[in-house]
2 protein chains.
Amino acid sequence: MSLDSRKKQVLDAIVDDYVSTYEPVGSKALIERHNFTVSSATLRNEMAELEKMGLIEKPHTSAGRIPSDKGYREYVNSLMSYDNLTREERDDISRRIDGSVNDITDLIRTATDTLSERTGFVSLYMSPRLHKSFLKQLKMLMIEPGKALVVIVLSAGVVKDKVVRIPNFLTGEQIMKISDSVEQSLTGKPLDEITLVTVASSMKDTDLPDAMMNQIIYEAYTAIKQADSLNIYLEGENKMLQLPDFGELAKARNLLDSLSNDGMVAGYVNELHPEIEKADDSFMIRIGQEITLDGLQDCSFITTTYKIGDDISGNIGVIGPKRMEYSKVISQINFVRKKLNDNIKKLTE
Amino acid sequence: MSLDSRKKQVLDAIVDDYVSTYEPVGSKALIERHNFTVSSATLRNEMAELEKMGLIEKPHTSAGRIPSDKGYREYVNSLMSYDNLTREERDDISRRIDGSVNDITDLIRTATDTLSERTGFVSLYMSPRLHKSFLKQLKMLMIEPGKALVVIVLSAGVVKDKVVRIPNFLTGEQIMKISDSVEQSLTGKPLDEITLVTVASSMKDTDLPDAMMNQIIYEAYTAIKQADSLNIYLEGENKMLQLPDFGELAKARNLLDSLSNDGMVAGYVNELHPEIEKADDSFMIRIGQEITLDGLQDCSFITTTYKIGDDISGNIGVIGPKRMEYSKVISQINFVRKKLNDNIKKLTE
DNA sequence: GTTAGCACTCGAATACCTAGAGTGCTAACA
DNA sequence: TGTTAGCACTCTAGGTATTCGAGTGCTAAC
């Protein structure tokens, strides 16, 4: 499918108009708002052909046209021109993100919140995939008989902890000994090379009975593995209710229901970025029916990756109505990502 | 205001009918569904008087009556009979809550989720007020130059941690020394007796320059104080969209907007339980206009307290439409609270 | 104090109409 | 061959009129 230059212009104009007005675009309105040198009748002919190609469609016989999913796709792929952010936009984003200086999770969350605020849509981040990060520290602290806290520090600067159950009569000293021994032999190992076996062998010097060791090994192992669990964070769901696109209660319900299933959304975003280890700066864009996640067919997903060092990355992006200003949203995500990466670098080196 | 027995019956019947049908209740419908021994004309007279008293009202001239906020209040205060939960309900709640055995926060969250699932409304918990709990352990772990992790274990079995900044050239050994010294002198102190001064004096034996100490003191102090911060958790906002009460988009928006302001809701719930330290098992109920929190005047708040030991407690409850089955909801909260308290006891002793 | 009867009210539902925006098609034109 | 003016046609949104029925308050009789 290749469009001649005038068809491109027409499609471009229809998308622009429809995005800004949420009204089906007619041939007359098109003439008025854009400086076409042809008559409305000619445009009608062009529009009829664009419709035949499946790029635009009519809500009903005597209405103007709206872009189809395929139309948006064409627009995004080859028509859209990239916005440069204004000075103010850049400053605002910088101010927000640079102001978040605590830890890396805070930073990523702030970046995500910023995205939602600035776009008015839902924003999301996926926690960094940590299986390539390596263990920097592991401490077990006795909390009370039968309970210990495992604290794990990863190379990415991420700190995780988990309360685990331990045999009741273990003393604080014994725990410390085990802790030291595990730490010593696992430090420097990437998470994905840590298995039940490596954990077990890290404890082989301790002089405790096997049954007891098994419990500790298992708990330590799950504490470590949990550090690599995939989390998603969504922000700004309610903002979507302000959009006319979700002005019918049924649609609004549907949207919120779908978004409330964090796990499903996380799984989908994960699928979109299959080789996230080798992530470059590209964007994944999914529009309307392209989204294989029930109930979000009025939306578009735009996601990309942020990086912690060379091996570790996670995703950040926006879920908005498919009727959105793609170039603007993409530019904003892009700049937010840049600021995020910069700040992560500052924080971890 | 005291109602004669028949007026009570009528009000009771109106509330019951309206709650179950969401239709204004007319005199005829009342006769049909309840076995009154008088005619509809008599009921009309009674209803006119109830209206004069402000207990019921008409949406418009020729409609049936619906309870006013004052009517619900009267109903809750003196008419309502308490439901006993069915065997199944009790079993379901027990199963869910007993199944959550990890840590105390998990447990409280599970209880809250259960409430939302079972009522179909929004449920909430407020984190336990910890200022009466005392410090059991405090450890500072060096993560990397300039950064340490402060881990705090409280008497309530709560573990908190925070990454803090420390002077760059402090060694792990120095940190451990400071940590030991702080722990030794603060252990056993209730949180609300720990101040900048007590923290500072706990470190007086260390031989570091003052400027450096100030930073550590401050960081340690904020880490400790942060353990006592008031958090709220809300669950099930979307479920409210299923209710006819919020069937208009404007109302739905309004509701979700109001609920999304966690801080405001937390502040309000906190106000409702002013002397939470001396909490008994009573319920706080706020209906419609009684709620001094913008945008939630179509709702009712029902909250109560859970306990961790004798001195520490938090809140748990439900936000639903004011048109709800109060007795059922209260019974459920009550049973959930009981199970929650039981499990907390098991977990902390 | 209770009740039957009745005129009255008002919202919800339905049908009907109109205005207007937009279309596709045809025939003329460059 | 591509472009355009003209026109009949379509369909929605919005407004008006009408009807239906549930419910009310009031009166007068029991």
Side-chain angles (χ1 to χ4, degrees), chain A residues 3-11 13-18 20-68 71 244-245 247-249, chain B residues 3-11 13-18 20-68 71 244 247-249 251:
Chain A
L3 298 173
D4 63 56
S5 129
R6 194 169 64 195
K7 281 201 182 56
K8 281 184 185 171
Q9 264 186 64
V10 174
L11 178 56
I14 291 176
V15 173
D16 280 353
D17 277 17
Y18 184 63
S20 59
T21 65
Y22 194 51
E23 304 263 300
V25 188
S27 53
K28 258 190 176 164
L30 221 42
I31 293 266
E32 268 169 36
R33 269 194 292 258
H34 304 262
N35 19 9
F36 283 102
T37 55
V38 293
S39 73
S40 68
T42 309
L43 287 186
R44 277 203 291 285
N45 290 335
E46 295 285 24
M47 287 160 85
E49 288 188 57
L50 285 171
E51 185 171 5
K52 234 173 253 162
M53 292 174 173
L55 295 170
I56 56 179
E57 54 198 23
K58 284 182 288 201
H60 53 85
T61 326
S62 73
R65 305 303 213 294
I66 63 177
S68 67
D245 307 61
E248 293 160 48
L249 196 68
Chain B
L3 298 173
D4 63 57
S5 130
R6 195 170 62 196
K7 280 202 184 53
K8 282 184 185 171
Q9 263 185 66
V10 174
L11 179 56
I14 290 176
V15 173
D16 280 353
D17 277 17
Y18 184 63
S20 60
T21 65
Y22 194 52
E23 304 264 301
V25 188
S27 52
K28 257 190 175 164
L30 220 43
I31 293 266
E32 268 169 36
R33 267 193 293 258
H34 304 262
N35 18 11
F36 284 103
T37 55
V38 293
S39 74
S40 67
T42 309
L43 288 186
R44 277 203 291 284
N45 290 334
E46 294 284 23
M47 287 160 86
E49 289 188 55
L50 284 171
E51 187 170 4
K52 234 173 256 163
M53 293 174 173
L55 296 169
I56 56 179
E57 54 199 23
K58 285 182 287 200
H60 52 86
T61 325
S62 73
R65 303 304 212 293
I66 63 176
S68 67
E248 293 160 48
L249 196 68
K251 278 194 179 174

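Lettering of chains follows the sequences in order, A, B, ..., and the numbering in each one begins at 1. Keep in mind that the numbers below use all heavy atoms, side chains included, and drop hydrogens, waters and symmetry copies.
Here C/dT3 presents its C1' atom at 11 Å from CD1 of B/Ile31, a figure rounded to the nearest Å. In this entry the distance linking CG of A/Asn45 with P of C/dG22 reads 17 Å, nearest Å. To the nearest angstrom, P of C/dT2 lies 16 Å from CE of B/Met47. Protein atom CD of A/Glu57 is 17 Å distant from nucleotide atom P of C/dG22, rounded to whole Å. B/Asp4 places its CG atom 15 Å from the C1' atom of C/dT2, with the value rounded to the nearest Å. If you measure from atom CD of A/Glu49 to atom C1' of C/dT23, you get 16 Å, rounded to the nearest angstrom. Remark: C1' of D/dC26 and CG of B/Leu43 are 17 Å apart, rounded to the nearest angstrom. Per the geometry, CD belonging to B/Glu46 stands 11 Å off P belonging to C/dG1, to the nearest Å.
When both pairing distances are held under 3.5 Å, C/dT14 makes a Watson-Crick or G-U pair with D/dA17. Using N1 to N3 plus N6-O4 or O6-N4 for Watson-Crick, or N1-O2 and O6-N3 for G-U wobble, each under 3.5 Å, D/dT24 pairs with C/dA7. Nucleotide D/dC30 forms a pair with C/dG1, judged by Watson-Crick or G-U wobble geometry with both contacts under 3.5 Å.
Using a 4.5 Å heavy-atom threshold, the side chains of A/Val38 and A/Arg6 count as touching.
Residue A/His60 has its side chain nearest to D/dC11 when only C/dC10, C/dG22, D/dC11 are considered. Distances were taken from every side-chain heavy atom of A/Ser39 (C-beta onward) to each of C/dT3, D/dA5, D/dT24; the shortest belongs to D/dA5. Side chain of B/Lys58, nearest nucleotide from C/dT2, D/dT4, D/dT24: D/dT24. With distances taken from any side-chain atom of B/Arg44 to the nucleotides D/dT4, D/dT24, C/dT3, the minimum falls on D/dT24.
The two residues A/Glu23 and A/Tyr18 make their nearest non-hydrogen contact at O-CD1, 3.2 Å.
Counting non-hydrogen atoms under 4.0 angstrom, B/Ser40 reaches nothing in the nucleic acid.
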Kindly determine whether B/Met53 and B/Leu3 satisfy side-chain contact (heavy atoms from CB on, under 4.5 Å), including the steps that lead there. CA-CA 10 Å; B/Met53 293 174 173; B/Leu3 298 173; 3.4 Å; yes
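Positionally, the nearest nucleotide of DNA chain C for B/Thr37 lies more toward the 5' end than for the other of B/Thr37 and A/Ala48.
Put simply, the residue from A/Ile56, A/Asp16, A/Asp17, A/Val15 that forms a side-chain contact (heavy atoms from CB on, under 4.5 Å) with A/Val25 is A/Asp17.
Side chain of A/Ser68 to backbone of A/Glu57: no donor-acceptor contact under 3.5 angstrom is found.
Contact of A/Ser62 with D/dT10 (side chain to base): a donor-acceptor pair of N or O atoms is detected under 3.5 Å. The base of C/dG24 is not paired with the side chain of A/Arg65 by any donor and acceptor separated by under 3.5 Å. Donor-acceptor pairing under 3.5 Å, judged by distance alone, is absent between the side chain of A/Thr61 and the base of D/dC11.
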